[in-house]
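One structure is given below, encoded as structure tokens.
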Amino acid sequence: MNVAGMLKAKGRAVTTARPDEKIQDVALKLASKKIGAVVIVGDAGAVAGIVSERDIIRAVAEQGALVLTQTVGSIMTKSVITCTEATSIEEMMAVMTQGRFRHVPVVDHGALVGIISIGDVVKHHIAEVQMEVTAMRDYLATG
Ligand code: AMP
């Protein structure tokens with residue numbers, strides 16, 4: 001299984017925001033869509049950053065609730081690690097574990113084409129392991 005297969009199952013919709021949107025509006029997007037991160041896109045639609053619930057919590061903890069009226073560009077992570085549709089599920093697990101983040105935007109020739117969360121990775125990994133167990137059991141039963 002690779003990222004293309006995961007996108008086929010979950011779809012390609014990505015919730016995005018512009019760098020000049022207020023943090024409170026981005027928090028509203030996270031809450032209403034029940035997601036953990038929003039990809040920040042620039043004028044040409046290219047990935048400019050990522051903001052997760054952790055960034056918002058950290059900003060509020062450090063600066064107080066007034067920070068919510070500031071722009072999301074001021075707290076976003078600018079050096080975003082992305083993947084392609086060819087990235088394998090094993091590579092995704094390694095990238096998320098090493099980087100200590102739970103979201104990876106999928107990029108194709110500079111265009112944002114999807115997002116993979118740690119939940120997607122775990123779901124497909126469990127399905128793969130279950131298929132292997134079933135195949136092994138069948139093999140042992142018929143061998
Ligand atoms: P998360 O675990 O996704 O909630 O994110 C934890 C931290 O990593 C936050 O500061 C995010 O802005 C940052 N982050 C999330 N995803 C990525 C990514 N793909 N590349 C770089 N930083 C990220």
Side-chain angles (χ1 to χ4, degrees), residues 1-140:
M1 172 69 74
N2 60 10
V3 167
M6 287 190 266
L7 288 183
K8 211 170 183 180
K10 72 168 284 195
R12 291 169 176 267
V14 186
T15 302
T16 61
R18 315 270 302 182
D20 59 359
E21 281 182 44
K22 290 210 165 67
I23 296 171
Q24 63 194 21
D25 294 329
V26 172
L28 207 56
K29 282 186 188 182
L30 293 176
S32 65
K33 293 186 179 279
K34 298 185 170 66
I35 54 174
V38 165
V39 179
I40 311 300
V41 292
D43 281 339
V47 175
I50 189 163
V51 166
S52 89
E53 50 204 1
R54 286 197 186 173
D55 299 309
I56 298 177
I57 292 292
R58 190 184 309 124
V60 169
E62 289 172 359
Q63 302 176 54
L66 271 180
V67 78
L68 293 171
T69 60
Q70 288 181 21
T71 63
V72 79
S74 66
I75 64 161
M76 70 184 184
T77 300
K78 290 180 182 151
S79 51
V80 184
I81 305 295
T82 60
C83 66
T84 70
E85 295 193 49
T87 308
S88 70
I89 196 166
E90 288 78 16
E91 286 172 300
M92 291 298 285
M93 287 192 283
V95 162
M96 287 179 173
T97 304
Q98 281 158 21
R100 292 172 180 264
F101 45 70
R102 300 165 292 179
H103 302 88
V104 180
V106 187
V107 171
D108 181 16
H109 295 99
L112 179 63
V113 296
I115 187 162
I116 299 294
S117 76
I118 198 163
D120 302 318
V121 173
V122 169
K123 182 175 149 188
H124 287 278
H125 182 59
I126 289 172
E128 273 186 353
V129 170
Q130 277 172 344
M131 274 169 55
E132 277 172 28
V133 169
T134 304
M136 295 258 263
R137 283 200 179 128
D138 287 351
Y139 174 76
L140 289 172

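Just so you know, ligand 1 is whichever comes first in the structure, and atom 1 is the first atom listed for that ligand.
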So which heavy atom in the protein is nearest [atom], and how far is it from that ligand atom?
| atom | answer |
| --- | --- |
| atom 8 (O) of ligand 1 | Phe101 CB, 3.5 Å |
| atom 5 (O) of ligand 1 | Ser52 OG, 3.4 Å |
| atom 3 (O) of ligand 1 | His103 ND1, 2.6 Å |
| atom 9 (C) of ligand 1 | Asp55 OD1, 3.2 Å |

Does Ser117 have a non-hydrogen atom less than 4.0 Å from ligand 1?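 It does not; every heavy atom stays at 4.0 Å or beyond.
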Would you say Ser79 contacts ligand 1, with heavy atoms under 4.0 Å as the rule?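 Right, Ser79 reaches ligand 1.
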Say whether, by atom type as modelled, one donor and one acceptor occur between the side chain of Glu91 and the main chain of Ser88 under 3.5 angstrom.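 Yes, the answer is positive, given that a donor and an acceptor are paired below the 3.5 Å cut-off.
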Compute the shortest N/O to N/O distance between [X] and ligand 1 and return yes if it is under 3.5 Å, no if not.
| X | answer |
| --- | --- |
| Val104 | no |
| Arg102 | yes |
| Arg54 | no |

If you count the atoms of ligand 1 from 1 in the order shown, which ones are under 4.0 Å from a heavy atom of [X]?
| X | value |
| --- | --- |
| Thr77 | 10 (O), 11 (C), 12 (O), 13 (C), 22 (N) |
| Ile81 | 18 (C), 19 (N), 20 (N), 21 (C) |
| Val80 | 19 (N), 20 (N), 21 (C) |
| Pro105 | 19 (N) |

Roughly how far, to the nearest 0.5 Å, is [atom2] of [Y] from [atom1] of [X]?
| X | Y | atom1 | atom2 | value |
| --- | --- | --- | --- | --- |
| Met96 | His103 | CE | NE2 | 7.5 Å |
| His124 | Asn2 | NE2 | CG | 10.5 Å |
| Ile40 | Ile75 | CD1 | CD1 | 8.5 Å |

Does atom CE (Met131) have a neighbourhood of more than 12 heavy atoms from anything else shown, all under 6.0 Å?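 It does not: Met131 CE has 12 such atoms or fewer within range.
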Part of Ile50 with heavy atoms under 4.0 Å of ligand 1, whether side chain, backbone, both or neither: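 For Ile50, the contact with ligand 1 is made by both the backbone and the side chain.
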What's the shortest heavy-atom distance between Leu7 and Ile116, and which atoms?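 In this case the closest contact between Leu7 and Ile116 is CD2-CD1, 3.9 Å.
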So, [X] and [Y], do they make that salt bridge, N to O below 4.0 Å?
| X | Y | result |
| --- | --- | --- |
| Glu85 | Arg12 | yes |
| Arg102 | Glu53 | yes |
| Lys22 | Asp25 | no |

